[in-house]
2 protein chains.
Amino acid sequence: MLNPLKNVLQEHQLKATSQRLTLLEYMMTHDTHPTAEMIHQDLPNISLATVYNTLEKFVEKKLVVIIDGISDGKRHYDAADHPHYHVINTRTNEIIDAANYDPAPLIKAAQAATGLKITEYKIDLYGVDPDSKPE
Amino acid sequence: MLNPLKNVLQEHQLKATSQRLTLLEYMMTHDTHPTAEMIHQDLPNISLATVYNTLEKFVEKKLVVIIDGISDGKRHYDAADHPHYHVINTRTNEIIDAANYDPAPLIKAAQAATGLKITEYKIDLYGVDPDSKPE
DNA sequence: CTTTTTGATAAGAATGGTTCTAAATTATTA
DNA sequence: TAATAATTTAGAACCATTCTTATCAAAAAG
Ligand SMILES: [Mn+2]
Ligand SMILES: [Mn+2]
Ligand SMILES: [Zn+2]
Ligand SMILES: [Zn+2]
């Protein structure tokens, strides 16, 4: 087995079809946060239905996470290969990755507050360029 | 001015119509996290369009926040009267409020990482009952 | 090697939450 | 009051996502 992406898929009980390999590589190698439609435009040989189906599978397997709350009304996707949080520039809708924060105390607080076992978390902050005029 | 809710609306440059007063009171006095449709069912005298329009205004003015990422695919709304974060039970879709966490270091980290001025943040954790069987 | 079964992909139709439109009310101003 | 502006409303339209159904491909069975 020379293809590490093939390994990743098989470890997650997903058959390594060419579409899945292509999509997984796309998500792993792009630091953008594309919508299904954007991915389909970059990979026109994979049908839009398959993009949606495959991303759904990847989300189930926690290979990919959904970013919503973007003001374009569309669902954005992000490879979940390294834990990080997002800062969204509300003027440009740019989604910026950041990782200079340890979520462990937050997870602990959430478990203490609710008694639930935390399986996932999502931290999104919204901001604007400080030099930009208000309104 | 005896009605404090009327004050709140006027302080936010919103005319205090009866629909807005009713909706603001509804959001303030309910600790649930309803969808527009749920609110409309509880307040059938206010049209669904007005529920959407008014919630959008309230979100602009930061009186209300949107909760998305719930697996019912619908947008939920929450009064923003006190800062808190959410823990979502992914088996029941219950949205639990929690406030035992200070977001100041996170906000500081985000500003340091991006240079943006943070205006809003959204922290959602997802969990399951620890006694429930897996899958 | 067939044959059979299972799962994946594809194209397009359907869905439904949300937004838009245009008309009717209501509030404000002169 | 009349004139103007803002809000509300019902229903139409939108469109991102999901569903349907038909093909296709890979794996198991024989
Ligand atoms: Mn990424
Ligand atoms: Mn609340
Ligand atoms: Zn990211
Ligand atoms: Zn809440």
Side-chain angles (χ1 to χ4, degrees), chain A residues 1 3 5-6 8-10 12-27 33-61 63-78 93 95, chain B residues 1 3 5-6 8-10 12-27 33-61 63-78 93 95:
Chain A
M1 177 62 51
N3 187 341
L5 289 180
K6 210 168 175 177
V8 171
L9 288 174
Q10 289 171 346
H12 290 82
Q13 293 87 40
L14 293 173
K15 282 202 254 183
T17 65
S18 78
Q19 289 90 341
R20 286 175 181 172
L21 283 166
T22 303
L23 281 167
L24 186 57
E25 179 175 36
Y26 181 98
M27 294 307 292
H33 300 83
T35 63
E37 181 60 43
M38 287 163 154
I39 298 169
H40 177 58
Q41 279 173 17
D42 285 347
L43 303 173
N45 295 335
I46 301 179
S47 78
L48 183 56
T50 297
V51 173
Y52 274 111
N53 286 340
T54 306
L55 288 172
E56 184 181 32
K57 284 272 193 312
F58 287 175
V59 169
E60 279 171 21
K61 299 300 187 182
L63 294 168
V64 162
V65 296
I66 293 170
I67 305 172
D68 37 26
I70 310 303
S71 70
D72 63 6
K74 293 169 194 162
R75 197 172 293 172
H76 292 244
Y77 295 89
D78 189 11
N93 273 345
I95 301 168
Chain B
M1 176 61 49
N3 187 342
L5 289 180
K6 211 166 173 177
V8 171
L9 288 174
Q10 290 172 346
H12 290 82
Q13 293 86 40
L14 293 173
K15 283 201 248 181
T17 66
S18 77
Q19 289 91 340
R20 287 174 179 171
L21 283 167
T22 302
L23 281 167
L24 185 58
E25 178 175 37
Y26 181 97
M27 294 307 291
H33 301 85
T35 63
E37 181 60 42
M38 287 164 154
I39 298 168
H40 177 59
Q41 279 173 16
D42 285 346
L43 303 173
N45 294 335
I46 301 178
S47 78
L48 183 57
T50 297
V51 172
Y52 274 111
N53 287 339
T54 305
L55 288 171
E56 184 181 32
K57 283 271 194 315
F58 287 176
V59 169
E60 279 171 20
K61 298 301 186 181
L63 294 169
V64 162
V65 296
I66 293 170
I67 304 172
D68 36 26
I70 309 302
S71 69
D72 63 5
K74 294 170 193 162
R75 199 172 291 171
H76 292 245
Y77 295 90
D78 190 9
N93 274 345
I95 301 167

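As the structure is a computational prediction, the values presented were derived from the model and not from experiment. First the proteins, then the strands, lettered A, B, ... as listed; each starts at 1.
When side chains are defined from C-beta on, A:L55 counts as touching A:V51, because their heavy atoms get closer than 4.5 Å. Side-chain contact check for A:L14 versus A:K61: some heavy-atom pair is nearer than 4.5 Å. Counting only heavy atoms from C-beta outward, the side chains of B:T22 and B:L43 approach each other to under 4.5 Å. Two residues are said to be in side-chain contact when any heavy atoms from C-beta on lie closer than 4.5 Å; A:F58 and A:L23 meet this criterion. Looking at heavy atoms from C-beta onward, B:K15 lies out of side-chain contact with B:L9 at the 4.5 angstrom threshold.
Computed from coordinates, the A:L23 CG to C:dA10 C1' distance equals 14 Å when rounded to whole Å. Rounded to whole Å, the distance from NZ on B:K57 to P on C:dT18 is 18 Å. At whole-Å resolution of the value, CG in A:L24 and C1' in C:dA8 are 16 Å apart. D:dA10 atom P lies 12 Å from atom CG of B:N53, rounded to whole Å. One interatomic measurement links the two molecules: CD of A:E60 to P of D:dT18, which rounds to 12 Å at whole-angstrom precision. Atom-to-atom, CG of A:L21 to P of C:dA8 comes out at 13 Å; the value is rounded to the nearest Å. We find that NZ of A:K15 is positioned 12 Å from C1' of D:dC24, with the value rounded to whole Å. In this structure, A:L9 places its CG atom 11 Å from P of C:dA8, rounding to the nearest Å.
For the pair B:T50 (side chain) and B:I46 (backbone), a donor-acceptor distance under 3.5 Å is absent. Although no hydrogens or angles enter the test, the distance criterion places no donor-acceptor pair under 3.5 Å between the side chain of A:R75 and the main chain of A:I67.
Listed pair A:T17 / C:dT9 meets the phosphate criterion, a side-chain N or O lying under 4.0 Å from OP1 or OP2.
Listed candidates were C:dA11, D:dT8, C:dA27. Nearest to the side chain of B:R20 is D:dT8. When each of D:dT9, C:dA8, C:dA27 is scored by its nearest atom to the side-chain atoms of B:Q19, the top-ranked nucleotide is D:dT9.
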Can you pull every protein N or O that's under 3.5 Å from an N or O on nucleotides 15-17 of chain D?
unit_1, atom_1, unit_2, atom_2, d
D:dT17, OP1, A:R75, N, 2.9
D:dT17, OP2, A:Y52, OH, 2.5
D:dT17, O5', A:Y52, OH, 3.4

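A:Y26 meets the ring-ring contact (aromatic ring centres under 6.0 Å, His included) test with A:H30; sequence neighbours excluded.
Contacts between residues 38-47 of chain B and DNA chain D, counted as heavy-atom distances below 4.0 Å, involve B:N45, B:I46, B:S47.
Taken from CE in B:M27 to NE2 in B:H33, the straight-line distance is 8.5 Å, to the nearest 0.5 Å.
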